[in-house]
Participant: 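Pasting in a structure now, in structure tokens, and then I'll have a few things to ask.
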Amino acid sequence: MKEIRLSGSGGQGLITAGIILAEAAIMEGKQAVQSQSYGPEARGGSSKAEVLIDDHFIYHPKVVNPQIFLAMTQQAMDKYSHDLTPDSIVIVDEDLVQNPHGSEHIVKVPITNLSVEHLGRDLFANIIALGLLVKVTGAVSFETIQKAVAKRVPPATVPKNMEALRIGYESIQ
Amino acid sequence: MSEARLMQGNEACAEGAVAAGVRFFGGYPITPSTEIAEYMAVNLPKVGGNFIQMEDEIAGIGVILGASLAGKKALTATSGPGFSLKQELIGYAAIAEIPAVIVNVQRMGPSTGQPTSPAQADIMQARWGTHGDHPMIALSPWTVRESFDVAVKAVNYSERFRTPVIILLDEVVGHLRERVELPSAHEIEIYPRRMPNTTKAQGYKAYTPMEDLVPNPANFGTGYRIHCTGLVHDETGFPSGSPKVTEQTIHRLHEKIMRVQDEITHYDEFFMDDAEIAVVAFGGTARTAYAAVEAARHAGQKVGMVRMMTIWPFAENVMRNLAKRVKGILVPEMNYGQYVYEVERAAAAQARVVSLPKYDAEVFTPDEIKQAIEKLAAEVAK
Amino acid sequence: MRDYETFFRTNRLPHIWCPGCGHGIAMKAIAKAIAKLDLDQDKTVIVSGIGCSSRASGYMDFDTLHTAHGRALPFATGIKLANPELNVIVITGDGDCMAIGGNHFIHAARRNIDLTVILFNNNIYGMTGGQASPLTPVEKKATTAPYGTFDRPFNPCEVAKTAGATYIARGTAFHAAPLVDLIAQGIQNKGFSFIETLVQCPTSYGRRNKMGSAAAMLKDMSETVIPLAAYNRLSTEERNEKLPSGVLHTDVFPEYAAEYAKIIKQAGGDKA
């Protein structure tokens with residue numbers, strides 16, 4: 001089972017990213033669950049989304065053993081990392097998370113800046129992060145995640161989102 | 001069967017209700033049930049139905065009772081604070097015998113509590129929330145797919161028994177997205193609105209009970225000119241102060257449901273063949289309990305699980321028999337301990353019944369339940 | 001015109017109202033208005049709340065609904081939306097409509113849903129023995145205001161106007177004939193119509209306030225309530241002692257059920 005947690009600030013689009021990842025897994029015939037937790041703020045407060053992917057029905061729907069932990073803000077890094085293990089892979093936006101911790105496997109990528117630099121706005125950071133997550137986890141194929149993103153986003157934004165996926169996917173070796 | 005897709009529990013519940021024929025939704029937005037209202041706002045007009053956002057929670061149930069009397073299958077959705085406010089009219093629906101479904105996506109309380117956090121603390125309120133005596137049907141799904149199925153059942157039961165039916169979702173299942181394949185329209189059995197079986201000329205009375213103890217009051221506007229009231233009434237539908245009529249009415253309201261109790265008691269058993277310990281769970285907690293029971297089995301414990309879909313009427317016979325089969329029963333629930341009291345009563349000391357409450361606004365972890373299983377196993381082994 | 005008496009369930013009579021009570025006059029005016037408009041008896045629904053006024057639904061031979069205290073309007077809204085071809089008439093009282101049901105009242109008016117609401121205003125909670133309502137005038141006594149009320153009453157017609165009702169009228173049990181017309185016009189208005197009907201309660205209100213017999217109370221009413229045109233000619237000071245009657249306000253605004261039918265059409269549900 002793949003256990004993935006995406007965290008950041010409300011408005012960064014991480015819940016959407018989690019939903020797209022789960023939809024991609026279903027496209028590949030797998031089981032997937034997605035859940036989220038958030039405070040009263042729609043924007044600005046910390047939020048997390050969790051995605052579990054398996055070949056069998058998933059009973060307990062929450063992450064127990066976080067294999068992959070994405071943090072897009074320092075606050076989320078601190079708030080949602082309590083159960084990381086030495087094996088957890090921590091992926092952070094290196095400009096927004098100054099102090100990643102919880103594991104020695106840390107992947108630092110300037111996710112938001114890549115979005116601004118290549119696509120003109122920070123809006124695509126979540127999709128860049130999604131491309132990056134797919135590269136790190138191998139949870140679904142790159143082709144499937146492209147299909148899943150294309151299905152979710154407004155048609156006019158598909159080319160930019162495809163570009164964002166590719167940037168994320170190629171941001172690490 | 002439809003194509004597999006990712007769907008949220010609340011959305012599946014709304015879709016199930018529409019599939020079962022619901023054509024009227026009235027309600028007031030409240031976390032974590034709002035997705036149901038939003039689904040209805042988009043989709044009901046597409047099938048010729050009505051969505052209306054009301055001024056408050058009480059109006060939210062009042063409007064669906066009116067719509068139901070005028071012939072539309074109707075549903076409202078709410079959460080803790082709204083469920084408290086709706087109680088009086090739930091009682092009205094019970095005594096006036098108006099079909100209606102009330103979804104309560106449970107959240108942490110009391111009062112405003114923790115609005116975005118899960119709980120299962122409205123178990124007793126669902127049964128005893130209104131004043132006066134009446135029975136209650138309450139169903140609690142544990143998967144997104146079952147949220148659809150439970151909605152269909154709830155609508156059907158409300159129509160068949162002409163009674164309010166409560167869907168006890170919890171935040172865990174209501175907000176969970178998971179893979180579902182939904183049945184297509186022809187695979188869904190729908191209980192149609194009951195209609196008068198005699199004419200006015202033949203002496204039709206709106207509240208004469210049929211063989212199944214359920215009356216067939218006519219829809220408004222169909223020429224029967226019935227009277228509907230929350231006062232105790234006789235077969236004509238008009239108020240009666242008679243002690244005999246009062247007693248008969250209250251008895252019949254209970255009997256029309258309790259006579260088919262076994263038929264409407266839905267539950268699953270897992271790993272129960274040689275089990276010495278049973279975990280009894282429902283809703284989101286049952287998912288975690290399953291993971292815990294499976295892990296405990298792998299570790300060699302003789303433990304099984306009974307997963308309840310029907311919360312009310314309480315599964316008296318199921319629990320009485322269960323207590324004879326096992327040495328210990330563990331009841332994990334996201335509250336201070338509610339359902340466990342009913343289990344304990346039915347078990348009648350035939351098995352040791354242990355409560356595993358959880359009220360920190362978090363869901364159980366499988367490990368918490370597994371440890372409690374191990375502890376109980378050690379105790380009953382002595 | 002049909003004989004209005006066919007609109008009563010004669011086997012449910014006599015009614016429970018006290019001798020001298022004005023509710024019977026108001027109820028008869030509703031039946032006469034329905035007769036005057038020749039409404040289809042099988043397509044007309046009477047909805048009421050709880051209280052003396054709300055017992056009227058049981059005596060009238062239509063589909064009738066005696067709801068919970070204060071909740072007539074949400075039920076009526078559901079009926080009208082579920083089946084817009086029905087004529088939906090709501091009978092309510094001053095406590096039912098303006099206290100416990102006040103929120104529903106302003107919102108039903110705001111939606112301009114096609115309901116006709118007749119408020120039987122007897123200034124008191126009569127059924128429970130004479131407690132003060134939001135329409136009990138200042139300094140009048142009630143069992144819960146033994147030293148006289150001091151909180152301001154609502155002017156329900158002004159509340160209805162502010163909330164968006166498109167037909168507002170005031171009548172009285174004394175002026176029984178014009179009341180029929182005021183109600184009939186309200187039923188004809190395609191929108192939220194409100195008719196405040198002043199009725200005497202000699203038992204729970206008049207007696208405690210030394211207002212005399214039912215006849216004396218009606219006589220007072222005949223002097224206090226004057227046609228709108230006459231009221232408008234009075235000085236501000238003189239108006240303090242009087243209340244205007246007749247059609248007080250009309251407006252034009254889209255009706256809720258008709259507007260929702262457009263939404264259904266837009267969503268394609270008219271073909272479903």
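Protein chains get the first letters and strands the later ones, always in sequence-line order, with residue 1 at the start of each. A quick note: this is a predicted structure, and the numbers were derived from the prediction, not measured.
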Participant: Looking at B:G48, B:A206, B:A70, which one has more heavy-atom pairs under 4.5 Å with chain C than the rest?
Facilitator: B:G48

Participant: For the aromatic rings, using the six-membered ring if either is Trp, is the centroid distance between C:F120 and C:W17 under 6.0 Å?
Facilitator: no

Participant: Would you check if there is a donor-acceptor pair between the side chains of C:D96 and C:H69 at a distance under 3.5 Å?
Facilitator: yes

Participant: Would the C:F75 and B:Y92 ring centres measure less than 6.0 Å apart?
Facilitator: yes

Participant: Are any of the side-chain nitrogens in B:E97 or B:R252 under 4.0 Å away from the carboxylate oxygens of its partner?
Facilitator: yes

Participant: Hey, which of C:L73, C:T67, C:I264 has the most heavy atom pairs under 4.5 Å with chain B?
Facilitator: C:I264

Participant: If you count heavy-atom pairs under 4.5 Å between each of B:A67, B:P239, B:G230, B:A218 and chain C, which one has the most?
Facilitator: B:A67

Participant: Looking at C:R71, C:K271, C:H104, C:K80, which makes the most heavy-atom pairs under 4.5 Å with chain B?
Facilitator: C:H104

Participant: Please report whether the ring centroid of C:F62 lies less than 6.0 Å from that of B:F220.
Facilitator: no

Participant: Measuring heavy-atom distances to chain B, does C:L65 have an atom under 4.5 Å in its side chain, in its backbone, in both, or in neither?
Facilitator: both

Participant: Among B:I64, B:L69, B:L44, B:I58, which residue forms the greatest number of heavy-atom pairs with chain C at distances under 4.5 Å?
Facilitator: B:I58

Participant: Between C:D270 and C:K265, is there a salt bridge with N-O shorter than 4.0 Å?
Facilitator: no

Participant: Pick one of side chain, backbone, both or neither for B:T236, based on which atoms fall under 4.5 Å of a heavy atom in chain C.
Facilitator: side chain

Participant: Below 4.5 Å, heavy-atom pairs only: which of B:E88, B:K46, B:K72 has the largest tally toward chain C?
Facilitator: B:K46

Participant: Assess the side chains of C:N103 and B:E55: does a donor N or O sit below 3.5 Å from an acceptor N or O?
Facilitator: no

Participant: Please give me the minimum heavy-atom distance between C:A31 and C:F7, naming the atom from each residue.
Facilitator: O-CD1, 3.5 Å

Participant: Of the backbone (N, CA, C, O) and the side chain (C-beta and beyond), which part of B:I52 lies under 4.5 Å from a heavy atom of chain C, both, or neither?
Facilitator: both

Participant: Against chain C, label B:I226 side chain, backbone, both or neither, depending on which of its atoms sit under 4.5 Å from a heavy atom there.
Facilitator: both

Participant: If you count heavy-atom pairs under 4.5 Å between each of C:T77, C:D61, C:I263 and chain B, which one has the most?
Facilitator: C:D61

Participant: Kindly state whether the ring of C:Y59 and the ring of C:F8 have centres lying under 6.0 angstrom apart.
Facilitator: no

Participant: Is the distance between the ring centroids of B:Y207 and B:H233 under 6.0 Å?
Facilitator: yes

Participant: Do you know which of B:F24, B:F238, B:Y224 has the most heavy-atom pairs with chain C at a distance under 4.5 angstrom?
Facilitator: B:F238

Participant: Is C:T197 close to C:L119 at the side-chain level, that is, under 4.5 Å between some pair of heavy atoms?
Facilitator: no

Participant: Salt-bridge test for C:E85 and C:K43: reply yes if a basic N is under 4.0 Å from a carboxylate O, no otherwise.
Facilitator: yes

Participant: Measure distances from C:R111 to the heavy atoms of chain B and classify the residue's part below 4.5 Å as side chain, backbone, both or neither.
Facilitator: side chain

Participant: Give me the contact list for residues 45-58 of chain C versus chain B, heavy atoms only, anything under 4.5 Å, ordered by residue number.
Facilitator: C:V45, C:R55, C:S57, C:G58

